[in-house]
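Since the structure comes first, as C-alpha cells, the remarks are kept for the end.
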2 protein chains.
Amino acid sequence: MKPTIYDIAKAAGVSTATVSKVLNNSGRISEKTKIKIREIMEDLRYQPNVLASAMKGKGTFQIALLIPDVENPVYAQYLKHIENRGQEQGFSVVMCCTDDNPDKEARHISLMRNKQVDGFIIASQFKNEELLKELLEDKVPIVLFAHEKQDILVDSVTVDDCFGGVIATEHLISLGHKRIGIVAEDTVSSHERIRGYKFALQKAELPYDEKFIQIGGTKMEDAEHAAGKLFSSANRATAIFGTNDLMAFGVMRAARKHQIAVPQELSIIGFDNTPMCSIVSPELTSVAMPVSDLGKKAMDLIIHKIEGNDDIKQRILLLPHLVVRDSTSAI
Amino acid sequence: MKPTIYDIAKAAGVSTATVSKVLNNSGRISEKTKIKIREIMEDLRYQPNVLASAMKGKGTFQIALLIPDVENPVYAQYLKHIENRGQEQGFSVVMCCTDDNPDKEARHISLMRNKQVDGFIIASQFKNEELLKELLEDKVPIVLFAHEKQDILVDSVTVDDCFGGVIATEHLISLGHKRIGIVAEDTVSSHERIRGYKFALQKAELPYDEKFIQIGGTKMEDAEHAAGKLFSSANRATAIFGTNDLMAFGVMRAARKHQIAVPQELSIIGFDNTPMCSIVSPELTSVAMPVSDLGKKAMDLIIHKIEGNDDIKQRILLLPHLVVRDSTSAI
DNA sequence: ATGAAAGCGCTAACAC
DNA sequence: GTGTTAGCGCTTTCAT
C-alpha cells in the first residue's frame with residue numbers, strides 16, 4: 001500500500017498534524033523534527049494524495065481546457081502552450097473537445113465541476129451564454145481564450161485581430177498593392193481582421209470595394225471557390241488576404257488552377273502562422289499570434305483567479321506580428 | 001454552497017446511505033423513494049462530488065495521456081480520438097506533454113499518481129524503462145500507444161508499421177517503379193516501415209540496394225537534404241518513400257529545387273496521412289493509420305484494465321491503409 | 001513546538 | 001427497504 005501521513009507520523013513518532021505541517025510548511029515546527037520527517041518521507045517514498053487535500057479545500061490543481069478541435073493546428077498550439085505553462089506552475093490541464101457543440105460544452109462543464117477542477121479556460125465559441133453567466137455567478141474561475149464576449153463581464157486573453165488585419169494589409173500596401181481581396185470565414189475573429197483591413201485601406205487613402213470581399217465557409221474548398229470568384233472579375237485583385245491560413249491555402253490552390261503565378265501575379269497572405277506555412281510552396285506569408293505568450297498569460301490569469309484574487313476583470317489583448325515568407329512580393 | 005448527499009437526505013427525510021444507493025443504484029430501494037430522491041436531486045441541482053467518491057476507492061475517471069508534442073499533427077490526432085472515446089465512456093483525459101524528455105515523463109507520472117488518475121496511456125517514447133517496470137509492478141494500469149516495447153510485458157495498441165511499409169512499397173511497385181528510395185528518420189517505427197519495404201521488394205523479386213536508403217534527422221530540412229543526396233546519384237530512384245509525411249514533404253521540396261516534376265519524373269509517398277497531405281501540391285499519397293480505431297481501442301483497453309481485469313496482457317496491432325492522391329503515378 | 005480531534009462528501013458493511 | 005456507522009487521507013483549529 002502507498003504510505004499515508006499516518007505511516008509517516010507513526011514512523012516519526014509524531015502526530016499527523018505535525019507531518020501535515022511540514023508538508024505544507026505551515027505552523028511552527030522545529031528544524032530537527034522537520035528534517036527527520038522529511039527523511040522518513042523519502043525513505044518510505046511518501047507521496048501526498050492530492051485528492052484528500054483537495055477535499056479539504058485546497059483545490060485539485062487541475063484546470064479544464066475547452067477547445068473545439070485539437071486536430072486544428074491553431075488549437076493544438078493553444079493547448080501546447082497552456083499545458084506548458086501549467087506544468088511550470090504545477091497545474092494539469094484536462095482536455096475537453098467540444099466540436100463547437102453546445103451540448104458537449106455543457107456536459108463537459110458539468111462533469112468537470114463534479115471533478116472539482118479549479119477553473120476553466122474556454123477557447124471554444126461557447127454559444128451558451130446562459131451557462132456562462134451561471135458559472136460566473138457561482139464564482140467559478142473562468143478565462144476566455146482567443147475570443148471575447150463583448151457584452152459579458154468576464155476575463156479574457158485574446159489576440160488583437162483587428163491589429164492583425166491592419167498589419168497584413170499594410171504589408172500588402174507597402175508592396176505596392178492597391179486592389180486587395182479578402183477571403184474570410186464568417187466568424188467574429190474574421191470580421192475583426194476585416195475591420196483592420198478596412199482601417200488600413202482608409203489610412204492609406206485607398207478605396208474600399210465590397211466586391212473584393214468574400215465571406216463564406218470555413219473549409220479550404222470554400223476558400224478555393226471564393227477565390228475563383230475573385231479571379232473572374234475584371235480588374236482583379238493583385239493580392240489576397242486569407243483571414244486564416246486555411247483560407248489562404250485555398251486561395252493558393254485556386255491560383256494554381258487558374259495558372260496565376262504566386263507571388264509574381266498574385267500575393268497571398270494568411271493568418272495564424274501554422275506550421276504548414278513553411279511546407280507549402282511558395283511558403284506562405286502569415287500573421288503570427290504570440291501563442292506562447294497567450295498561453296502563458298491565460299494560465300497565469302486563471303491561476304490568479306483561482307488563488308482568490310477575484311478583484312477586477314481584465315481583457316488582455318496581445319499583438320500579433322508579421323512573418324514574411326515567399327507568397328507576397330512587390331507588384 | 002453546493003448541496004451534498006446530506007442536504008438531499010435531509011430534504012427527503014432519509015439517510016445518506018439511501019441517497020448514495022440511488023446514486024449508484026445499488027442495494028434495494030423502493031421505487032417510491034427512488035423517484036422522490038431523484039426529484040429532490042433535480043430540484044436542488046445536486047451534483048455528486050467525484051473527489052469524495054474517488055477517495056472511497058471508486059476512481060477518478062481520469063486517465064493521463066503522455067505525448068511528446070501536441071503540435072505534431074500525428075499526436076494531435078491521437079489525442080483527439082482518445083479524448084473522444086473517453087468522453088463516450090465517462091473518462092476525462094489529462095494532457096501531459098513530455099517533449100520526449102525523460103525527466104518530464106517522470107515528473108508527470110509522479111504528479112499524476114498523486115492526483116490519482118486511474119491509468120496511463122503512454123504515446124511517447126518513454127526511454128525510462130526502470131520507471132515503466134516500477135509502474136507495472138505497482139499494478140498501475142498502463143497502455144502503450146503507437147509504439148511497443150518488444151522486451152517488456154505491457155499492453156499496447158499500435159499500428160502495424162511493417163505492413164504499412166509493405167503497402168506503400170507495393171503501391172509504388174504496382175505503378176512500375178523499380179528503383180525506390182527511402183528517406184527516414186531514425187526511430188523504431190521508421191525501421192519497421194523500412195522492414196516492410198524490404199519485404200515488399202523481396203516479394204516482387206526486386207533487388208535491395210543500400211544506396212537508396214537515407215536515414216537521418218526528424219526535420220523536414222533533414223529530409224530535404226537526404227533527398228538531395230538521392231537525386232545526385234547516377235541511375236536515381238524513380239520513386240521515394242518518406243517514412244512519415246514530414247519526410248515526404250522534405251522530399252517534395254527537394255524535388256522542386258532540383259526541378260524534378262512530381263509525379264511525372266518522381267513519385268513520392270508519405271506516411272501518417274496528416275491533414276497537410278491535401279494542402280500541398282501535388283497532394284501527397286500517404287499511408288493512413290486508423291487513428292480513430294486506435295484511439296478507441298486504447299481507451300477501451302485502459303478502461304478494461306482499470307476495471308480490474310488484469311488478466312492477460314495484449315498487443316493490439318491495427319492495419320494501416322493506403323490513401324492515393326496525386327504525388328504517385330506510373331513511371 | 002506539538003497533538004487531539006473534527007470533518008471534507010461519499011461509500012459500504014452490517015444491523016434492523 | 002432503510003439506517004448506523006466507520007472510515008478514505010488529509011487539514012486545521014484549539015489545546016497543551
| query | Taking B/D155 as the fixed residue, which of B/K305, B/R315, B/K297 is the one that meets the salt bridge (charged side-chain N to carboxylate O under 4.0 Å, His left out) rule? | reply | B/K305
| message | Without decimals, in angstroms, what is the distance between B/M41 CE and C/dC10 C1'? | response | 12 Å
| message | Rounded to whole Å, how long is the line connecting atom NZ of A/K36 with atom P of C/dA1? | response | 16 Å
| said: Under a 4.0 Å threshold between the charged nitrogen and the carboxylate oxygen, would A/K36 count as salt-bridged to A/E39? | reply: no
| note | A/Q116 atom CD is separated from C/dC10 atom C1', nearest whole Å, by 12 Å
Enumerate donor-acceptor pairs with a distance under 3.5 Å from any side-chain N or O in residues 127-143 of chain B to protein atoms, sequence neighbours excluded.
residue	atom	partner	partner atom	Å
B/N128	OD1	B/L131	N	3.1
B/D138	OD2	B/R113	NH1	3.3
B/D138	OD2	B/R113	NH2	3.1

| For B/I37 and C/dC10, what is the distance between atoms CD1 and P respectively, to the nearest whole Å? | 13 Å
| Protein-nucleotide distance (A/Y6, atom OH; C/dG3, atom P), rounded to Å | 13 Å
| task | Could you list where the contact with chain A starts and ends along DNA chain D, reading 5' to 3', using a 4.0 Å heavy-atom cut-off? | result | D/dG9 to D/dT12
| request: Tell me which of A/L51 and B/T16 sits closer to the 5' end of DNA chain D, going by the nucleotide each one is nearest to. | output: B/T16
| remark: Residue pair B/G27/B/M55 against DNA chain D: nearer the 5' end by closest nucleotide is B/G27
| said: Once you measure the plane-to-plane angle for A/F91 and A/F61, does it fall in the parallel (<30°), tilted (30-60°) or perpendicular (>60°) bin? | reply: tilted
| Where each residue is assigned the nucleotide of DNA chain C containing its nearest heavy atom, which of A/K21 and B/I5 is assigned the position nearer the 5′ end? | A/K21
| task | Just compare C/dC10, C/dG3, C/dA6 and give me whichever is closest to any side-chain atom of A/K56. | result | C/dA6
| request: Ignoring hydrogens and angles, state whether a donor on the side chain of B/N114 or A/Q47 is under 3.5 Å from an acceptor on the partner side chain. | output: yes
| request: Give the rounded distance in Å between these two atoms: CG of A/N25 and P of C/dA1. | output: 14 Å
| query | Do you know which of B/H81, B/K80, B/Q87 makes side chain to side chain donor-acceptor pair (under 3.5 Å) with B/E83? | reply | B/Q87
| field | Any side-chain donor near an acceptor of the partner, A/K2 and A/N49, under 3.5 Å | value | no
| request: Mind calculating the distance between CG (B/N24) and P (C/dA12) to the nearest angstrom? | output: 6 Å
| Expressed in angstrom and rounded to an integer, what is the separation of B/K58 atom NZ from C/dC10 atom P? | 12 Å
| said: So if I take every side-chain heavy atom of B/P48 and compare against C/dG7, C/dC10, C/dA12, which nucleotide ends up nearest? | reply: C/dC10
| Within the pair B/S53 and C/dG9, is there a side-chain N or O less than 4.0 Å away from OP1 or OP2? | no
| request: Give A/T33 one of three labels, base, sugar-phosphate or nothing, depending on what nucleic acid heavy atoms sit under 4.0 Å from its own. | output: sugar-phosphate
